Amino acid sequence: MKELPKAYEPNNYEDNIYKHWEESGFFNPDKCVEKGKTDAEAKHFSIVLPPPNVTGTLHMGHAAMLAIEDLMVRYSRMKGKKTVWVPGTDHAAIATQTKVEKILMEEGLDNPREELGREKFLERVNKFAQESHDTIIHQTKKMGSSLDWSREAFTLDEQRNLAVRTVFKKMYDDGLIYRGHRIVNWCPRCHSTLADDEVEYKEQQTKLYTFKYSKDFPISIATTRPETKLGDTAVAVNPKDSRYKKYIGEVFEIKNFAGGPDLKIKVIGDEEVDSEFGTGALGVTPAHSHVDYEMAGKNDLEIIQVIDEDGKMTAKAGEAYQGLGVEEARRKVVEALKKEGLMEKEEEIANNLSICYRCSHTIEPLTSRQWFIDVNKEFAFKQSKDNPIEGLKDGESVTLKKLMQHVVRAKEIKIVPDRFEKTYFHWIDNLRDWCISRQIWYGHRIPVWYKGDETYVGVDAPEGESWQQDPDTLDTWFSSGLWTFSTLGYPNLDSSDLKTYHPTTVMETGYDILFFWVARMILMTTYTLGEIPFETVYLHGLVRDEQGRKMSKSLGNVIDPLDMIEKYGADATRLSLLVGNTPGNDMKLSEEKIAGFRNFANKLWNISRYIQLTVTSEKKTMNKDLKVPEAETLADKWILNELKKTASFVTNDLESFRFSSAGEQLRDFTWSELADWYLEIAKIEGDKSKVLNYILNTILKLWHPFMPFVTETLWQQIYGKDNILMVESWPTFAEATVGKAAVGGSEDFGLLKNIITNIRSLRADYKIDPAKKLDVVVSAGDEKEILDKNTEVIKGLARLENIEIEVKVDKPDESIGFVVGGVEVYIKLGGVVDFEKEKSRLNNEVSDLGKYINSLEKKLNNENFVDNAPAEVVEKEKGKMEEAKSKLEKLNSQLQSLK
RNA sequence: GGUCGUAUAGCUCAGUUGGUUAGAGCGUACGGUUCACAUCCGUAAGGCCUCUGGUUCAAAUCCAGAUACGACCACCA
């Protein structure tokens, strides 16, 4: 065991430590069980990593996710549970394809897909995904994540593809997947559909046009999109609207609308129409608006598609418009209406523009033939044998919606923080059928084949010639929805991983993908396996900059995790993301905060360094398996007690997902109590090797899940490379035995602290040279014995020459004093006492105390309080009163002795 | 429009089921060459706990309302 360097330099250790962990095999629970590092009988703890998109690099949000998950995982592993954390990455279909297209276009291709063809194009995407994957894995390891790499998965690999095909086929057979011609969100840039929740909205100013279809049309309508009016088939009004009621049911024919097609407009009544907005009547364009589409269904209207999948006007829009872009068509319609004198009003209004969440291009709602998952269709629920869902019967008729609602409502799945349950239910209430087909190339190909009019749906391609597979791919969330079980061996239901680790224990992810992902996993898993995917959902917030802004390249406020690891170490980076981070809330992060935790890591390093040096100098050997040592002094008893308390709080906090609180408790113990008090006392009292050794072992274990690198480095420096802290047992506590020399308890140590702090404070107040050693006289009353036993501690920490402790002693001349915990302490200053200053200091204290006593008096004289408050509270207040009064008396007598 | 969240020291936040003279870190001021650590140590200053009502013996904490900021959902043509 060699002496440690003075400062902790993370870069000198981190990579080697990670390699050492990997080589040990202990990231893999099977190895832990084999080598007896885990209780084979214990309940499992499993997390599957939310797979980062292979679109680039990790950001601070990922770093926070890794820090939180690794904390839980390392804690559980030390607890002896069979712990697995499954790594993986997500192919992120549209996102990745869009990114690669952008790169290819920067390389000079105008239309990459067309120019390269499916095969070549996918080659490029795969190459990009691979590189991105490698970067991400590297970063993940840098954070110290104890992931079981032997189980790594990719949402688009063979195993996952088989899972996807299997589930698709199952759902199709159950009638939950259907193909239909329906209105969808279409991104003309991505040339694909989007799910409802993949549409974002951007507020913008736009023109609202009020016009009539023709001179003799009785109703004016308002629109922000005149070009879609070429496909109108109805006008909807509120059935209660007296202005228009009489027209409901009538059909008007308009010739050559805006120089374009002939229209047949039926007036319909619909409760949804707001009589107050615009003219109170709206033109219904079933092919290009979700709401209108629904009205068309109810009223059996014709659906005329006037915009095609490239965002160009179709033949149905009339010869004059065919082939024009949307914007151009709009101008032309407006012009035509004006020319014909049909335009009545133009006004600027604010409205929301729908845009694609991946490429920000305007969304065109249009009708198209797509694959959907029916969320309202009844089917027979298939219950899991091993992990049945409470409250559901095998064979019971359910819908996907009902399943999703049930497991959360019945608390089979707990969401942390629970307020998100409300959001979750609200989302499900509004849920429409999920459009799962995408017209992009990068993703899971839909396992459907066509031959003429025949359709074949299967896990594998059908036998025989001339079957054509559907060219579309699946929504990326289809495969991520299977993630908790597709990573554990599905579709092999006998897989031991699936049996051992599913349902997973915790799903830790960002609240921003509660709908995208968490809800989909619940849907897919309850359907496929008849069990829940996870027991608890822990939702973290966004990591923002110190001003609370989102980190973005354009703002230039991005803090890159790798830079921070390089500069301050992975442990400091992790801690900065754990402390001050509460579930469901965004957190602000600054480089200063990370630097602060770098300081702490160094502090822990030096605490260890000191303890190691001390133990060695006492010719003792460090022992990693030490039992709770005997307390010899008051300080020993106090620190062991504090350690026990801290460990129990931390354990409690970790069990209840209060990670920030756990970290703060530990930091306070380590820095304030251990380093600032106990170690200083240990220097005075000496011969502490057992207590020091024991405390160090314990705090290294407690800190390990938070700061794996520095704790592991220290552990191995002290106990050798064969001893790996990561698989040591989490501390549990027996009562510390107390040696005969120790008297008093935590409160008594508090008195000691107070005396010392007060002396220091007066020293500072009187600007007494810190090197000057003082003489002190104490009138100790009942506390004499305690203080007698600790004179050396007081002398050392308060820098005293002499201390005289009596039961009762008068204030010496030319001294200043204070009262604390019933004890009077006088510092002899000789001729330098400034009586005026002393008077005013004591007077201030007396006056403050007076106010305090008054408020207590008021309380205690209040009959209502004495009668109604619990006896113990009243007693407590009385105790305070006595203490305060006795203190007041002593202060007054001190004042008097000042003449 | 609907739902939800937040408001405590200059800044970032704790404050567990109502009951300490409301806490921590950073920052600030003052002082320190203590042999583990200046990535350190000591001391101090700094708070109508957003506002207004209510419940209660007792409110930073519970309830109602207001204000400000933020998020999500829906979407109006």
Side-chain angles (χ1 to χ4, degrees), chain A residues 4 6-8 197 201 208 221-225 228-229 236 272-274 276-285 289-292 349 351-352 354 417 419-420 422-423 426-427 429-430 511-512 514-515 541-542 546 548 568 572 579-580 582 584-590 592-593 595-614 652-653 656 658 660-661 664 667-668 671-672 675-676 679-680 683 757 760-765 767-771 796 799 848-849 851-852 855-856 859 862-870 872-874 876-877 880 884:
Chain A
L4 297 172
K6 285 187 108 158
Y8 173 54
D197 45 4
Y201 298 92
L208 180 70
I221 61 160
T223 184
T224 53
R225 301 205 52 191
T228 63
K229 301 295 101 184
E272 294 292 298
V273 178
D274 176 5
E276 304 295 313
F277 188 88
T279 62
L282 91 106
V284 180
T285 322
S289 152
H290 285 94
V291 181
D292 296 7
I349 61 156
N351 84 335
N352 281 328
S354 318
R419 65 183 140 93
F420 279 95
K422 225 171 188 169
T423 330
H426 184 250
W427 181 79
D429 289 343
N430 290 311
Y511 66 73
D512 51 330
L514 178 62
F515 308 136
L542 264 50
E546 51 197 318
Y568 304 106
V579 174
T582 47
N585 297 320
D586 294 351
M587 73 171 306
K588 291 175 193 171
L589 183 68
S590 62
E592 291 75 45
K593 187 174 175 188
F597 286 112
R598 184 267 321 264
N599 296 355
F600 178 73
N602 187 61
K603 187 75 189 180
L604 185 63
W605 179 267
N606 272 289
I607 289 169
S608 310
R609 183 173 128 90
Y610 171 74
I611 290 178
Q612 193 191 321
L613 287 172
T614 308
N652 240 319
D653 281 344
S656 328
R658 289 191 300 263
S660 178
S661 164
E664 284 172 82
R667 180 191 54 194
D668 292 348
W671 205 324
S672 314
D676 291 345
L679 290 190
E680 293 310 313
K683 287 175 191 171
T757 308
R760 285 171 178 170
S761 174
L762 279 181
R763 194 193 268 279
D765 201 12
K767 302 209 185 327
I768 297 166
D769 177 1
R799 296 189 70 76
D848 285 349
L849 199 57
K851 282 179 212 156
Y852 178 48
S855 75
L856 285 174
K859 217 180 212 178
N862 181 348
E863 279 173 30
N864 284 325
F865 172 70
V866 180
D867 293 347
N868 291 316
E872 55 186 70
V873 174
V874 177
K876 214 166 149 191
E877 296 300 304
K880 283 190 221 162

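Each chain gets a letter, A, B and so on, in the order its sequence line appears, and its residues count up from 1. A quick note: this is a predicted structure, and the numbers were derived from the prediction, not measured.
To the nearest whole angstrom, the two C1' atoms, one in B:rA29 and one in B:rG46, are 11 Å apart. Between B:rC69 and B:rU61, the distance separating the two P atoms is 23 Å to the nearest Å. Nucleotides B:rA7 and B:rC51, compared at atom C1', are 11 Å apart to the nearest Å. Comparing the same atom, P, in B:rA77 and in B:rU3 gives a spacing of 22 Å after rounding to whole Å. The P atoms of B:rC35 and B:rG42 are separated by 14 Å, rounded to the nearest whole Å.
A cation-pi arrangement is absent between A:Lys603 and A:Tyr8, since the terminal nitrogen or guanidinium carbon is not both under 6.0 Å from the aromatic centre and inside a 45° cone about the axis.
With sequence neighbours left out, A:Asp429 forms a side chain to side chain contact (heavy atoms under 4.5 Å, CB included) with A:Gln405. A search for side chain to side chain contact (heavy atoms under 4.5 Å, CB included) contacts involving A:Lys767 returns nothing, not counting sequence neighbours. By the side chain to side chain donor-acceptor pair (under 3.5 Å) test, A:Asn606 pairs with no residue at all, sequence neighbours left out.
Consecutive Watson-Crick or G-U pairs involving RNA chain B, each under 3.5 Å on both distances, make up stems of three or more pairs at B:1-7 with B:67-73, B:10-13 with B:23-26, B:28-32 with B:40-44, B:50-54 with B:62-66.
A salt bridge does not link A:Lys588 with A:Glu546: every distance from a Lys NZ or Arg NE/NH1/NH2 to an Asp or Glu carboxylate oxygen is 4.0 Å or more.
Residue contacts for A:Lys851: at a heavy-atom cut-off of 4.0 Å it reaches no nucleic acid atom on any strand shown. Here A:Thr614 lies out of heavy-atom contact (under 4.0 Å) with every strand. Counting any heavy atom pair closer than 4.0 Å across all strands shown, A:Arg667 reaches sugar-phosphate atoms only and no base atom. In this structure, A:Glu872 reaches neither bases nor backbone, as no heavy-atom distance under 4.0 Å exists between it and the strands shown. If you check every strand for non-hydrogen atoms under 4.0 Å, A:Ser855 touches nothing. Nucleic acid contact class of A:Ile349 (heavy atoms, under 4.0 Å, all strands): sugar-phosphate only. Among the atoms of the strands shown, base atoms are found under 4.0 Å from some heavy atom of A:Arg598. Counting non-hydrogen atoms under 4.0 angstrom, A:Asn351 reaches the backbone sugars and phosphates but no base. In this structure, A:Ala675 reaches the bases: a heavy-atom distance under 4.0 Å links it to at least one base atom across the strands shown. Residue A:Asn352 is classed as a base contact, given a heavy-atom separation below 4.0 Å to a base. As judged by a 4.0 angstrom heavy-atom cut-off over every strand, A:Val291 is placed among residues touching the sugar-phosphate backbone only.
Note on ring orientation: taking the six-membered ring where Trp is involved, the planes of A:Phe515 and A:Trp427 are parallel (angle under 30°, cut-offs 30° and 60°).
Residues A:Asn585 and A:Tyr511 have side chains that never bring a donor and an acceptor to within less than 3.5 angstrom of each other.
Looking at heavy atoms from C-beta onward, A:Tyr568 lies out of side-chain contact with A:Asn599 at the 4.5 angstrom threshold.
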For a quick test of your reading: what N or O donor-acceptor pairs under 3.5 Å do the side chains of residues 862-869 of chain A make, sequence neighbours left out?
| residue | atom | partner | partner atom | Å |
| --- | --- | --- | --- | --- |
| A:Asn862 | OD1 | A:Asn864 | N | 2.9 |
| A:Asn868 | ND2 | A:Asn864 | O | 3.0 |

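Protein chain A contacts RNA chain B over a range whose 5' and 3' limits, counting nucleotides with an atom under 4.0 angstrom from a non-hydrogen atom, are B:rC4 to B:rA77.
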